[in-house]
Each structure stands twice: as structure tokens, then as C-alpha cells.
Protein chains: 2
Amino acid sequence: MQVQTRAEKLKLASAARREQGKLELKRQILEAAAHLFSTNGYEDFSLRQVAEAIGYSPTTIYLYFKDKEELLFVMAFEGFRGFGVALQHAYDSAPPAERIWHIGRAYVDFALANPVQYRLMFMQRSDYLARPAPECYTDFIDSFGVVTKAVAEAMKRGEIKLRDPQETATLLWVNVHGLASLVLTNSHLTPENIEPLFHWMMQMLQREMSV
Amino acid sequence: MQVQTRAEKLKLASAARREQGKLELKRQILEAAAHLFSTNGYEDFSLRQVAEAIGYSPTTIYLYFKDKEELLFVMAFEGFRGFGVALQHAYDSAPPAERIWHIGRAYVDFALANPVQYRLMFMQRSDYLARPAPECYTDFIDSFGVVTKAVAEAMKRGEIKLRDPQETATLLWVNVHGLASLVLTNSHLTPENIEPLFHWMMQMLQREMSV
DNA sequence: TGACAAGATTAACAGTGTTAAGTAAAATTG
DNA sequence: CAATTTTACTTAACACTGTTAATCTTGTCA
């Protein structure tokens, strides 16, 4: 490998700077989109409004996202990313014996703290879950995998009964998702008054896993 | 009250016939809409396509439904109606001691048999649940009420532990909805292979309610 | 017959996603 | 430094969408 000439270096630097600018605008689009999405809702979310919000012409967005669908997908995917981080954090920060409980807590808390995103991710466009991640999102945490891991390890430690970890994790998932989506749906269930139900549910699961 | 003249009778009959015709066209619109909805999906569902399908101009639909939103709502509501009927049937046709189990079964079966409607009702447009029923849909079964009733009666009979029936019903609901929506979302879970999970889940709930 | 009402249509508007052609400025090259 | 190419963006246009107002048609009634 030979050293580059000064001109070549400059060229690369400038290219990098421009690339940086592109990334920043992409970021800006995503921010405006997320904001409009959370205020207007899924139904009234429009590309043209996003464009207007950032002061660009509508077609500019197509230079950064293939189409509306992809912009929405990336928004959902940022949700999946944050969601995965939250579950992983719960896994990491809890004593092994309490991991499952903490993950359940983190799951529900995420839904309550990010209702708009949660709805998009798991209710309105749950089909996105089947889609492969967009390129450049390689450092992606498999949320369900976190649960499965916690379950499998608890089994290995003998804290819960030996079963198919995947199936056990699914039963957990069914419960936390069921509760979360019910709270986001039913006005009688509020973030405050679900606490007893959440505790009951988690205790039931814990008991069930032990037996 | 005096007898009507022949002319008055005719008038009424003709008015009734026309009213009948209106109802039939409304029915026709709903059928075409349901069909297009289930083939094209929520995103690509359009009034103009519905109009074309039944051979009317787009604006005709506005003579029968206030707007697209109401047509969609009525479609969802027909789903709620069928859903309520299914749960009620499960309630009626099962021996008292097995009612809860049967209702759970009916819940999940409905979701698997009517995935498109279920998605609309409880995932894509779960906000419809908070909306009051459209007039003329007065004979409406409160699905959650069926569960609550079954639970309350099982408590009275001493089959399950005394608790807040509403909260117990909610825990049941959380589970069946969680499972149903997961199956409709996750391609790894299919109507065939969830049977073990369903049984495990229901047994867990039954155990939990007894303790 | 002529007035009237009901049911449907046409035309139009505003807004949407999306594509192709055009433009101005910046970067690159000889 | 001038010429050329690339880049980032815009304008114009198309094919849709939901929705409204005005119009037409047709059978009903006095």
C-alpha cells in the first residue's frame, strides 16, 4: 500500500464531509417524521408534510428513502432498536434471579412510555417484524432473543423448570404484549391502575415456570 | 285508529320496498368492501374501488355511509358483532364448569378464522373499541362482558377463587389476545403449532384462578 | 299533466405518493 | 483557471385518493 497524494486525501475528506451532511439530513427527516407521526397519528402521516416541516421539496425525501413505506419502516425499526436496548438493559442491570421479572417490567414500561411507537411496531404495522433489517442497522438486538436467553439461563441455573425455552419465552411474551396492547387500547386500563394486574400476571408466570 | 285507504297502504308498501332496496345496497356495499379489504388489505382499501366493484359511482357510497371512516367502522363493528356472538355461543354451549376454557378457545379460534377482521378490530384500528356503536346495531353483545359473567358465575359456584371478576377476566383477555395477536404477527407461530401453547396457557390460567 | 322528491351521477377541489425532467451550484478534471 | 461532470435539489406532471356541490334522471303524487 502506498501513501495517497494530498489531492486524493482532500477528495476523500470532502466526500466524507458530504456524506456526513447527507446523514444529517436523513436524521433530520426522521426526526421531523417521528414528530409529525406522534402528533398526527398513523392515518394522517404524509411525506409532503414531513418535507414542509424541514423546508425541502417533497421529492427530496426520495433521495434518502425509497418511498413512504421505507421511511415508516425505518421509524418502526428505530423503535425496535430502542426496544431491544431497553430489554437488554433490563437483562444486564438485574440480578440473574430477577432478570425475567425485570425484562417484563421493561417491556411494559417501554410500551407505556412510547405508545405511538409501540402501536406502530406491534399493532398497526406488525408486518414489519417479518421484514429484514435495513442495511446499516447491523448492531441490532433481537428482543425476543433476550427473553429466550434469560429463560434458558434460569433453567440452567435450576430456578425454573426445564422446558423448551422458546415456548416459555413465548408464554411470557404473550402476557406482556397482551397487557401492553390492552392498556394502549382500553381506556379503563391506565398506566397507573395496571400495577396490581401486572404484579399478579408476573407472579402467575413465575409460579407457572417453577411448577 | 282508522283503517288506511288502499292508496295509503300502497304508498307505505312502496316506501318500504324502497327502504328495503336501500338496505340491500348498503349490504352490497359492505360485502364488496369486506371482500376488497380482505384481499387488498387495510392500506390499499379505497372507496372508489368499492364503488367500481358494485358498479356505482364513488359518491353513491356517501348516500349510505357518512365517509370512509364510517364504512370502515361499520366493517369493524360487524366483526365485533360476530365476535360477540362467537363468545356468547361458547358460553351457552359449554357446561358451566368448562365455560371459561371454551370461551378462550372461541376467542383464539375467531382470530385464526378471521385474521383480517381481527387485525382491524384489535390491532390496526383498536381505537374503534372506544367508539359508541352505530345506531341500528342495538342487539350488540359485549364480548368482554361475556367473559366477566362466566368468571363471576364460576366464582359464585366456588369453582375459582373469589376475586375482582373484572380483573380476573382481564387477565384471561390479556392471554387470549396476546396469543391471538402473536400468531397473526409471528410467522413461526401457526394455527397448527400453537395448540400446545394454547393448552399450557389455559391450564396455567385455570390453576391460577383456583389458587 | 306538472310539481316534487329520491337516488344516483358528473365535475371539481384539495391532497396524496411517486416519477421524470430540469436546474443551479459545487466538485473534479485537463 | 476554464470546462465538464456530479451532486443535491426543485419543478412539473401523473395517477390516485377522499369529499363536496351542483346536476340529472326517474318514478311518485296531487
Side-chain angles (χ1 to χ4, degrees), chain A residues 4-30 32-33 36-37 39-75 124-125, chain B residues 4-30 32-33 36-37 39-75 124-125:
Chain A
Q4 309 162 331
T5 74
R6 207 155 299 146
E8 276 168 338
K9 275 192 186 170
L10 261 181
K11 185 169 160 186
L12 279 183
S14 134
R17 201 165 44 236
R18 274 185 294 113
E19 202 60 30
Q20 177 73 12
K22 285 201 79 168
L23 275 191
E24 163 141 350
L25 183 45
K26 188 165 187 174
R27 191 75 240 155
Q28 213 178 326
I29 293 174
L30 273 169
L36 282 172
F37 186 86
T39 68
N40 291 353
Y42 181 82
E43 309 295 326
D44 300 329
F45 174 73
S46 100
L47 284 191
R48 291 177 121 106
Q49 277 186 41
V50 173
E52 194 177 5
I54 59 173
Y56 282 83
S57 93
T59 51
T60 300
I61 297 184
Y62 288 84
L63 302 174
Y64 298 86
F65 299 91
K66 182 175 159 285
D67 52 15
K68 184 187 185 182
E69 196 62 8
E70 187 182 288
L71 173 53
L72 247 109
F73 177 54
V74 171
M75 287 172 59
Q124 292 163 323
R125 296 307 301 267
Chain B
Q4 309 163 333
T5 74
R6 206 157 298 144
E8 276 169 338
K9 274 193 188 170
L10 261 180
K11 186 169 159 187
L12 280 182
S14 134
R17 200 166 43 234
R18 272 186 295 113
E19 202 61 28
Q20 178 73 11
K22 284 200 77 168
L23 276 191
E24 161 139 349
L25 182 47
K26 189 165 186 173
R27 190 74 243 153
Q28 213 178 326
I29 294 174
L30 273 169
L36 281 172
F37 186 86
T39 66
N40 290 353
Y42 181 83
E43 309 294 327
D44 299 329
F45 174 72
S46 101
L47 284 192
R48 292 180 119 104
Q49 278 186 42
V50 173
E52 194 178 6
I54 58 173
Y56 282 83
S57 92
T59 52
T60 299
I61 297 184
Y62 288 85
L63 302 174
Y64 298 87
F65 299 91
K66 183 175 159 284
D67 53 13
K68 183 187 186 182
E69 196 62 7
E70 188 182 286
L71 174 52
L72 243 102
F73 177 53
V74 170
M75 287 172 59
Q124 290 163 324
R125 296 307 301 267

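The sequence lines fix the lettering, A, B, ..., with proteins before strands; numbering per chain opens at 1.
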**Q** How do B:Lys66 and A:Leu25 order along DNA chain D: which one's closest nucleotide is nearer the 5' end?
**A** A:Leu25
**Q** What's the CZ-C1' distance between A:Phe65 and C:dG17, to the nearest Å?
**A**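 Distance check: A:Phe65 CZ to C:dG17 C1' gives 16 Å.
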**Q** How many Å lie between CG on A:Asp67 and P on C:dT19, as a whole number?
**A** 7 Å
**Q** Does the side chain of A:Tyr56 get closer than 4.0 angstrom to OP1 or OP2 of D:dC9 through an N or O atom?
**A** yes
**Q** Enter the distance from A:Phe65:CZ to A:Lys26:NZ here, rounded to the nearest 0.5 Å.
**A** 5.0 Å
**Q** Once you round to the nearest 0.5 Å, how far does OH of A:Tyr56 lie from CG of A:Leu63?
**A** 10.5 Å
**Q** Taking atom CD of B:Glu52 as the centre, report whether more than 12 heavy atoms of other residues, nucleotides or ligands fall under 6.0 Å from it.
**A** no
**Q** Roughly, in whole Å, what's the span from CG in B:Leu63 to C1' in D:dT20?
**A** 12 Å
**Q** Specify the separation, in whole Å, of atom CG of B:Asp44 and atom P of C:dT16.
**A**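 Those two atoms, CG and P, are 18 Å apart.
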**Q** Find the distance B:Glu43:CD to D:dG18:P and express it as a whole number of Å.
**A**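 So the two atoms are 13 Å apart, to the nearest Å.
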**Q** Give the B/S/- string for nucleotides 11-17 of chain D, one per nucleotide from 5' to 3', where a protein heavy atom under 4.0 Å of the base yields B, of only the sugar-phosphate yields S, and otherwise -.
**A** BBB---B
**Q** Does B:Tyr62 reach a base, just sugar-phosphate, or nothing at all? Heavy atoms under 4.0 Å.
**A**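 Since a base atom lies under 4.0 Å of B:Tyr62, the category is base.
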**Q** Return the angle between end axes of the helix from C:dT1-D:dA30 to C:dG30-D:dC1, with five pairs used per end and rounding to 10°.
**A**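 Comparing the axis at each end, I get an angle of 30°.
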**Q** Which heavy-atom pair separates A:Ala32 from A:Val50 by the least distance, and what is that distance?
**A** CB-CG1, 4.4 Å
**Q** For A:Glu24 and D:dA8, give me the distance from atom CD to atom C1', rounded to whole Å.
**A**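 Rounded to whole Å, this separation is 15 Å.
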**Q** If you measure from CZ on A:Phe45 to CG on A:Leu47, what distance do you get to the nearest 0.5 Å?
**A**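 Separation between the atoms: 6.0 Å.
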**Q** Rounded to the nearest 0.5 Å, what separation is found between the OG atom of A:Ser57 and the CZ atom of A:Arg48?
**A**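 One finds 9.5 Å between OG of A:Ser57 and CZ of A:Arg48.
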**Q** Can you tell me how far the CG atom of A:Leu30 sits from the OH atom of A:Tyr64, to the nearest 0.5 Å?
**A**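 Between atom CG of A:Leu30 and atom OH of A:Tyr64 there are 12.0 Å.
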**Q** For A:Lys26 and D:dA8, what is the distance between atoms NZ and P respectively, to the nearest whole Å?
**A** 13 Å
**Q** If you measure from CZ on A:Arg125 to CE on A:Met75, what distance do you get to the nearest 0.5 Å?
**A**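 The CZ atom of A:Arg125 sits 12.0 Å away from the CE atom of A:Met75.
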**Q** Report the distance from atom OH of B:Tyr42 to atom P of D:dG18, rounded to the nearest whole Å.
**A**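 These atoms are roughly 12 Å apart.
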**Q** Can you sort out the partners of A:Gln49 under side chain to side chain contact (heavy atoms under 4.5 Å, CB included), two or more places apart, ordered by chain and number?
**A** A:Leu36, A:Asn40, A:Ser46
**Q** Can a side chain N or O of B:Tyr64 be found less than 4.0 Å away from OP1 or OP2 on C:dG7?
**A**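 Negative; the distance criterion is not met.
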